[in-house]
Amino acid sequence: MSPKTNASASAEPDAAAHPVSIVPPDTDAGSPVGAPSASGAVDLPAEPAEAAPQPLFSDLGLSEPIQRAIDEAGYRHPTPIQAQAIPYVLMSRDVLGVAQTGTGKTAGFTLPMLEILSGSRARARMPRSLILEPTRELALQVAENFVKYGKYLKLNHALLIGGESMAEQKDVLNRGVDVLIATPGRLIDLFERGGLLLTQTRLLVIDEADRMLDMGFIPDIEKIVGLLSPQRQTLFFSATMAPEIRRLADMFLQNPQEITVSRPSSVATTIEAGLVVVDEDDKRRVLRQMLRDDAVQNAIVFCNRKRDVDVLCKSLVKHGFSAGALHGDLPQSVRFSTLERFKAGDLKILVCSDVAARGIDIGGLSHVFNFDLPFHPEDYVHRIGRTGRAGRTGHAYSLASPHDRGLAEAIEALIGHPIPRLAVEGVTQLDWSEEDRPRGGKGRGRGQKTEHRGGKPARPSAATPVEATPVPEAAAAPPPSARKPAPPRHHRERELEDTSTQANGTPITGFGADVPAFMLLPRRHVAIAPSADDESTHTVDELA
DNA sequence: AAAAAAC
């Protein structure tokens, strides 16, 4: 129905669906996950016959209270990582899990942990297990998972994260917790103040290790692990196995069972990407226009700077949009409540920094916008990975000014193909070469920077009227209402001079049937999306 | 260049 630049994960050999399993609901935020079997989104009719019968949760050796919670959540079949990891965790083995987003990784460790911990009770200030997460939002999501599956057990958990009252967290610790879910900074802080002892902690989970590495947490992690008894069970998860991660795993784990799950999602993933190049000062106006498209059900808009998040959000609200801001400088209470409102559909647009680029799972996101192109090309992949889940077409649209040419080239080099230009009705787009235009006194030419492109057709040019909106011909389909083909645009002198390789008729290939490299890259975020009836579970409290 | 995470 729209310019197809589709990435289809269905080309993956193991893209078999795993119906009724614990993965993010991937349905509209707030829709119940209670009966996934009844939802066509999960049970695909055209499913080829499986060679082996699907494993059942009831075969995994989990006790009745946990099994009942799983049943009530509507799940019957474990995902591959759950089926593989749970038995080893129950055997007290260390586990090295290489698993991406959407694999059901979180339940893969929370379920057996509940089983292991269900036998006895915690003592004051001595948590029995510890889960380390890189961001506060992720920690919250894991806590929600414990609430959901531990509802028939009498276990405590505590959320130990920055930005919230330490006194309250200390109180909870003093009462004794079975599961401590923490971000590294606050954990070390509290430990150094004597608020907690880790000597009795016999079960450690290091989640999102690659992200911990990216964020510079590894020294903290090493320090924390050093505080734990060597007589412990360790579960270590990472989306990738870079050498540095491997080194850490070797250091923290003993004779681990290694489990690798290749594909995140059970169903084909499709993302339609597009790029709009306009003057920096026009970006807000163009974004508003794009947001008014009926196809935009809900959207995350990424900015590079926290300040710009605030400015853009205020501007959108002023123009009548239902928008909220999310970045690391906002009070934690606001962060959580904004995220909750967005998930519940109370807010339609979430304007945020890269705090939400990875790790936050929001099901059923129709659009991701890059108001700014990210500085690091990998972040582009992470950002747009928030949409296009579970067989639905996601939309990932980026705004750029001619000044951002270098950023766009870096992204295109990473993903291995150009981002097609997207026509927006009534918007005249600029050509990259217009970065040479003097802008506000500090404009300067950067034309020479293109030398390193080595003649590779890196981007669409505007050498002909058609190529003003170079959407892959073969895959082109009627565009959505607000993105009718761009009106014939006038040529600027520079565009006529620009004879980039794209002008020679080299087709601009969309994703087509190829699986683009970036889709094979790890998508890293914990897979928990609470259903609407889980709303009350995001505070530090006891499991019912 | 920025953001994240401790106060």
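Keep in mind that the numbers below use all heavy atoms, side chains included, and drop hydrogens, waters and symmetry copies. We name chains A, B, ... by the order of the sequence lines, and we start the count at 1 in each one.
Note: CG (A/L138) to P (B/dA3) measures 19 Å, nearest angstrom. Atom CG in A/D207 sits about 16 Å away from atom C1' in B/dA5, given to the nearest Å. Regarding A/D310, its CG atom lies at a distance of 14 Å from the C1' atom of B/dA2, rounded to whole Å. Look at CD on A/E378: it is 13 Å from C1' on B/dA3, rounded to the nearest Å. Separating the CG atom of A/L160 from the P atom of B/dA6 is a distance of 9 Å, rounded to the nearest angstrom. Atoms CD (A/E222) and C1' (B/dA5) sit 17 Å apart, rounded to a whole Å. Residue A/L339 contributes atom CG, which lies 14 Å from atom P of B/dA4 at whole-angstrom precision. The CD1 atom of A/I188 sits 15 Å away from the P atom of B/dA5 (whole-angstrom rounding).
Looking at the side chain of A/H376, the nearest of the listed nucleotides B/dA4, B/dA2, B/dA1 is B/dA2.
Using a 4.0 Å heavy-atom distance criterion, A/H327 is classed as a sugar-phosphate-only contact. The residue A/G216 sits apart from the nucleic acid: no heavy atom pair falls under 4.0 Å. If you check every strand for non-hydrogen atoms under 4.0 Å, A/P374 touches nothing. Counting any heavy atom pair closer than 4.0 Å across all strands shown, A/R335 reaches sugar-phosphate atoms only and no base atom. Residue contacts shown for A/D189 include a base, since a base heavy atom lies under 4.0 Å away.
For A/D308, the side-chain contact (heavy atoms from CB on, under 4.5 Å) partners are A/C303, A/R305, A/D372, not counting sequence neighbours.
A close approach under 4.0 Å does occur between a side-chain nitrogen or oxygen of A/R136 and OP1 or OP2 of B/dA6. Residue A/R305 has no polar side-chain atom (N or O) positioned under 4.0 Å from OP1 or OP2 of B/dA1. The shortest distance between the side-chain N/O atoms of A/S353 and the OP1/OP2 oxygens of B/dA2 is not below 4.0 Å.
The pair A/K343-A/E340 fails the salt-bridge criterion, with no side-chain N (NZ, NE, NH1 or NH2) lying under 4.0 Å from an Asp/Glu carboxylate O.
The side chain to side chain contact (heavy atoms under 4.5 Å, CB included) test with A/F109 singles out one residue from A/I131, A/V89, A/I81, and that residue is A/I131.
Taking the six-membered ring for Trp and thresholds of 30 and 60 degrees, A/F146 and A/H157 have nearly parallel ring planes, at less than 30 degrees apart.
Comparing A/Q332 and A/N304 against DNA chain B, the residue whose closest nucleotide sits nearer the 5' end is A/N304.
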Can you list, pair by pair, the side-chain donor-acceptor contacts under 3.5 Å of residues 221-230 of chain A, counting residues two or more places apart and other chains?
unit_1	atom_1	unit_2	atom_2	d
A/K223	NZ	A/E192	OE2	2.8
A/S229	OG	A/Q231	N	2.8

